[in-house]
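Here the structure is laid out as structure tokens; the discussion comes afterwards.
In this chain, residues are counted from 1 in sequence order. In this text, all values refer to a predicted model and were calculated from it rather than measured experimentally. Hydrogens, waters and symmetry mates play no part in the numbers below; they use all other heavy atoms, side chains included. Note that ligands are numbered from 1 as they come in the structure, with each ligand's atoms numbered from 1 the same way.
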Amino acid sequence: MKQRILVTGGAGFIGSAVVRHLLTSGKCIVGNIDKLTYAGNTESLASIDSTDDYHFFKVDICDRAGVEDVFEAFRPDAIMHLAAESHVDRSIDDPSAFIQTNIIGTYTLLEAARNYWRTLGLETQKTFRFHHISTDEVFGDLEGAESLFTELTPYAPSSPYSASKAASDHLVHAWHRTYGLPIVVTNCSNNYGPFHFPEKLIPHVILNALQGKPLPIYGDGSQVRDWLYVEDHARALVKVLNRGRVGETYNIGGHNEKRNLEVVEVICDLLDEYVPPGKSSASENISSYRELITFVIDRSGHDRRYAIDASKIKNELGWVPEESFETGIRKTVEWYLENRQWWESVLNGDYRLARLGTSVE
Ligand code: NAD
């Protein structure tokens, strides 16, 4: 029998990779709860949305009655919770949606899941999972060049985004400890890859470069992040969902620590190779995309370094990333070059019109 998995935030960057991955396996029926905020894009699901095994529910996770109706209609075997406000800069400008969705939304979903789970038979209760997908940003700034975040690193979030995710992680662990809800939590490093919303560093740089616009880098660009290709993250999440130990946290990382400036330079070099500058009106005055790099005032509270120790998921579940940064970033640049229609629709706002026609159950 196919596993019935309810994904929240499945129209977002990572959520859509998870939905595509689950449906491509042919072993799952997927329900997707998504409010379709500015970050939700149903065009990222075009390859699977006509499949009978896919069901879309346009619901806000803060809407308790709406979420409970979905549980009743879809009757999931497991939940993968990715819906969140996810952009740090937006959380600094206005934290309210972050508190609402990331904290209240997770609480609402936990309560709806707990009520539903209590109605299941004993055997089904045991196999049910609530998988909470979180970030390494909950651990805050890493001190020293050698240290890594482990599952035991104390939480020390720096931004409204990471603080709201930290709060949601604590709620999920408490619902396990207090009510016995069978949960697993994953904390992952920075993702990149296809269908990434252009406000985030990597797509922003690719698309600005293609348009001959400045490539803004915070501060001196020396902040270090550990980059993971999004499809590797999706594969890791499915492993943890199906084989992770209940109540446990698993860190997920790419073993790809890079300074932000390095990341931008690699993108410029790939674009120099694929779309040599000087041949279009956007790049007629430059000989390398690196000339577009512009340093801007640093983000407040900007953490210097994040890096993950992913040995627990490797040793217990046998997961390691398939892509190195070099192979993943090349695939990503190629994807943006080949999928102009997807990102032009985001940049000109048409993707918001496209979803008016989205089927809602
Ligand atoms: P995203 O911003 O691309 O997508 C979020 C999705 O959630 C969107 O489809 C949006 O419409 C939906 N959503 C937002 N508020 C909602 C609400 N109230 N009700 C229902 N749906 C709502 O985010 P992402 O980058 O795909 O991240 C997904 C998850 O993974 C988040 O929980 C994030 O914290 C976590 N994470 C992200 C990264 C990363 O590098 N992007 C790394 C580690 C963990």
Side-chain angles (χ1 to χ4, degrees), residues 6-20 31-45 56-64 66-67 70 79-91 96-109 112 131-139 149 157 159-169 172 185-203 225-234 236-237 250-254 256 306 308 310 328 346 351-352 355 358 360:
L6 189 58
V7 175
T8 72
F13 166 50
I14 302 171
S16 67
V18 168
V19 171
R20 291 189 304 269
N32 174 15
I33 294 191
D34 201 299
K35 178 184 172 183
L36 297 183
T37 66
Y38 79 93
N41 187 347
T42 53
E43 293 181 14
S44 307
L45 296 164
F56 181 70
F57 305 93
K58 186 175 183 303
V59 171
D60 183 336
I61 56 163
C62 302
D63 168 8
R64 174 75 179 265
V67 172
V70 175
I79 297 165
M80 299 177 83
H81 173 34
L82 296 103
E85 288 292 336
S86 70
H87 190 44
V88 176
D89 287 345
R90 286 179 189 258
S91 83
S96 59
F98 290 74
I99 305 303
Q100 190 62 25
T101 286
N102 299 1
I103 305 179
I104 307 294
T106 300
Y107 156 72
T108 307
L109 196 66
H131 181 174
H132 178 61
I133 285 87
S134 191
T135 164
D136 62 354
E137 300 197 26
V138 297
F139 300 122
F149 297 131
S159 70
Y161 163 65
S162 53
S164 67
K165 289 297 290 187
S168 67
D169 293 11
V172 173
V185 175
T186 47
N187 293 87
C188 186
S189 60
N190 276 40
N191 282 216
Y192 68 100
F195 301 103
H196 205 178
F197 198 80
E199 69 187 349
K200 301 284 172 74
L201 177 72
I202 288 179
R225 300 291 180 264
D226 178 359
W227 292 95
L228 180 68
Y229 192 63
V230 66
E231 288 171 19
D232 275 325
H233 189 191
L237 293 177
Y250 294 85
N251 281 356
I252 306 173
N256 280 306
Y306 303 140
I308 285 270
V346 174
Y351 77 111
R352 306 195 89 157
R355 63 207 201 176
T358 302
V360 178

Any nitrogen or oxygen of [X], main chain or side chain, under 3.5 Å from a nitrogen or oxygen of ligand 1?
X    : value
I61  : yes
E85  : no
I14  : yes
T135 : no

Would you mind listing which atoms of ligand 1 come within a distance below 4.0 Å of any non-hydrogen atom of [X]?
X    : answer
S189 : 42 (C), 43 (C)
N190 : 40 (O)
K165 : 31 (C), 32 (O), 33 (C), 34 (O)

Which residues share a side chain to side chain donor-acceptor pair (under 3.5 Å) with E199, sequence neighbours left out: Y38, R90
Test of understanding: given a 4.0 Å heavy-atom threshold, classify the contact between [X] and ligand 1 as side chain, backbone, both, or neither.
X    : answer
V59  : backbone
A97  : neither
W227 : neither
D34  : both

Heavy-atom contact check, 4.0 Å cutoff: does [X] meet ligand 1?
X    : result
T8   : no
Y38  : no
S134 : yes

